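Only one structure is covered here, and it is reproduced in the block below.
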Number of protein chains: 2
Amino acid sequence: MEPFQFKSQENLSLRQRVINDIKNAILHGHLKPGDKLKELEISQQMSVSRGPIREALRDLEAMGLIVSSPYRETMVADVRKDEVVDLLIPVRLQLEMFAIKQNQLKMDDTFFDKMKIIVDHMKIAADQGDLYELVEDDIRFHEHVLALENSSYTTQIWSGIVNRLRLHFIKNTSRLTDLQKVVNDHIALMEVLRTGTIDRIETIWATHIQDEDCLLCFE
Amino acid sequence: MEPFQFKSQENLSLRQRVINDIKNAILHGHLKPGDKLKELEISQQMSVSRGPIREALRDLEAMGLIVSSPYRETMVADVRKDEVVDLLIPVRLQLEMFAIKQNQLKMDDTFFDKMKIIVDHMKIAADQGDLYELVEDDIRFHEHVLALENSSYTTQIWSGIVNRLRLHFIKNTSRLTDLQKVVNDHIALMEVLRTGTIDRIETIWATHIQDEDCLLCFE
DNA sequence: TCATGATCGATTGTTGACAATTTACAAAGC
DNA sequence: GCTTTGTAAATTGTCAACAATCGATCATGA
């Protein structure tokens, strides 16, 4: 039995909370590409001064979720299809394979236990037909792999890319037919990660990422 | 003959100037990985309030040049060699090839004229043995290719990666023997871009990027 | 008619003061 | 001596007022 332990207080900075709020609004589709983001308006709605808002907007810009031009306007970013296919997907694959190749030794039981928890959670989301939560778990799964790599810059690029993929996803997808397939795919990924060779992992991984991202983007 | 044209006034925001200053200090090696960056100190030295400084630091973090932890410290980032070889170089290649494949039609005479100016400038820098300026031109050359692509996010990732490559470069290189080779390489790149097939371009490009980045990193 | 200049409202950029947090270090208790 | 608890200095986070900039609108004059 584990000894009792307090959970760390979620004492996020205002800036971080603003980032989360806006990010959620975008990824839930409440804010759409082209929508304007005005500092004063947001600041009043959130009861936060403009300072943290400004910093949050800069961060969101770096995350690829918004674009801004000086003294002019800030708005939710848009993503073209060719960027998804020719840039985001290949680079994403490269990043994940880098993390895997570089850290095969670090994939111990603890690693796979945590991964399994994510997959189990995915299954629940799929059964309930909760698409948003399923996507969140999907991302958690791959982020768990990325986290093997110490370089925080790797994660930074990766999440920027995933953000943009999602941006395109929420714009173009209406319904996703087979939620169960997503779960099964990830079970297979976990399996090959545990037992497969690097080459085999790369094959499966490439298929999965192209398949999934395309599935989300072209339907 | 081109019509006369004024250069746009460099009326940069304070934030942008702070970014440039700190970036230069890092890329010139005046600030080294691990060096602490304190808001108040910088603010006093530059005679600018802390606001723009803070925003600049956030931007530099997104550019991969510094790392920070809340309420704690902000310092110049470090880059590991395996990140350079296995991540930065391959992703960089992917990005540049994306820009090239996507925009072959846009490479008109104007495009190559501007490219030639950069190469000429490079030659001067090489003759004068000005390594820093040569590197700057090198980056301008590739940035010129990247600029073909409208998606600003492409450039954003790319320059982050180049920043980190340079970060590693200035740490590890003492002298670069053959500056002239860099110039000749880029002349060859320009040539193949003008006349070669995609496959041929990709081959040459891959060799160049791996060669150059490695040259800088392993000597 | 149309280029130029003036003005205004909306929005972003900048500032200096104040609040919150962390770390290091000294004091107190065992 | 060792751990725990209080305190102070350094640093970052937040705020609200002020300044600068932009686009739209309208007036002016050749």
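No experiment lies behind these values; they were computed from the predicted model shown. Convention: sequence-line order gives letters A, B, ...; per-chain numbering from 1.
Other residues, nucleotides and ligands contribute at most 12 non-hydrogen atoms within 6.0 Å of the NZ atom of K114(A). Residue K32(A) places its NZ atom among 12 or fewer non-hydrogen atoms of other residues, nucleotides or ligands, all under 6.0 Å distant.
Across all strands, G51(A) comes closer than 4.0 Å to no nucleic acid atom at all (heavy-atom distances). Residue contacts shown for L57(A) are absent, as no nucleic acid heavy atom lies under 4.0 Å away.
Between L12(B) atom CG and dA20(D) atom P the separation is 17 Å, expressed in whole Å. Taking atom CD of E73(A) as the reference point, atom C1' of dG13(C) lies 16 Å away to the nearest angstrom. Look at CG on D59(A): it is 14 Å from C1' on dG13(D), rounded to the nearest Å. Between K36(B) atom NZ and dA10(D) atom P the separation is 17 Å, expressed in whole Å. Between the P atom of dT12(C) and the CZ atom of R50(A) lies a distance of 7 Å, rounded to the nearest Å. dT14(C) atom P lies 18 Å from atom CD1 of I53(A), rounded to whole Å. Atom NZ in K38(A) sits roughly 15 Å away from atom P in dG13(C) (whole-Å rounding). Per the geometry, CZ belonging to R58(A) stands 10 Å off P belonging to dT14(C), to the nearest Å.
Of the possible donor and acceptor atoms, none in the side chain of N103(A) sits under 3.5 Å from a partner among the backbone N and O of K106(A).
Within the structure, every side-chain polar atom (N or O) of R72(A) is placed at least 4.0 Å from both OP1 and OP2 of dT21(D). Contact annotation: R54(B) does not reach the phosphate of dT12(D) (side-chain N/O to OP1 or OP2, under 4.0 Å). For dT15(C), the OP1/OP2 oxygens have no side-chain nitrogen or oxygen of R15(B) closer than 4.0 Å.
The side chain of S49(B) approaches dT14(C) more closely than any other nucleotide in the set dC15(D), dG13(D), dT14(C). The side chain of S13(A) has dT14(D) as its nearest neighbour among dT14(D), dT12(D), dG13(C).
Summarising the geometry of W158(B) relative to E143(B), their closest heavy-atom pair is CZ3-OE2, 3.6 Å, with the distance given to 0.1 Å.
When each of V48(A) and E39(B) is assigned the nucleotide of DNA chain D bearing its nearest heavy atom, the one mapping closer to the 5' terminus is E39(B).
A side-chain donor from one of E61(B) and S68(B) sits under 3.5 Å from a side-chain acceptor of the other.
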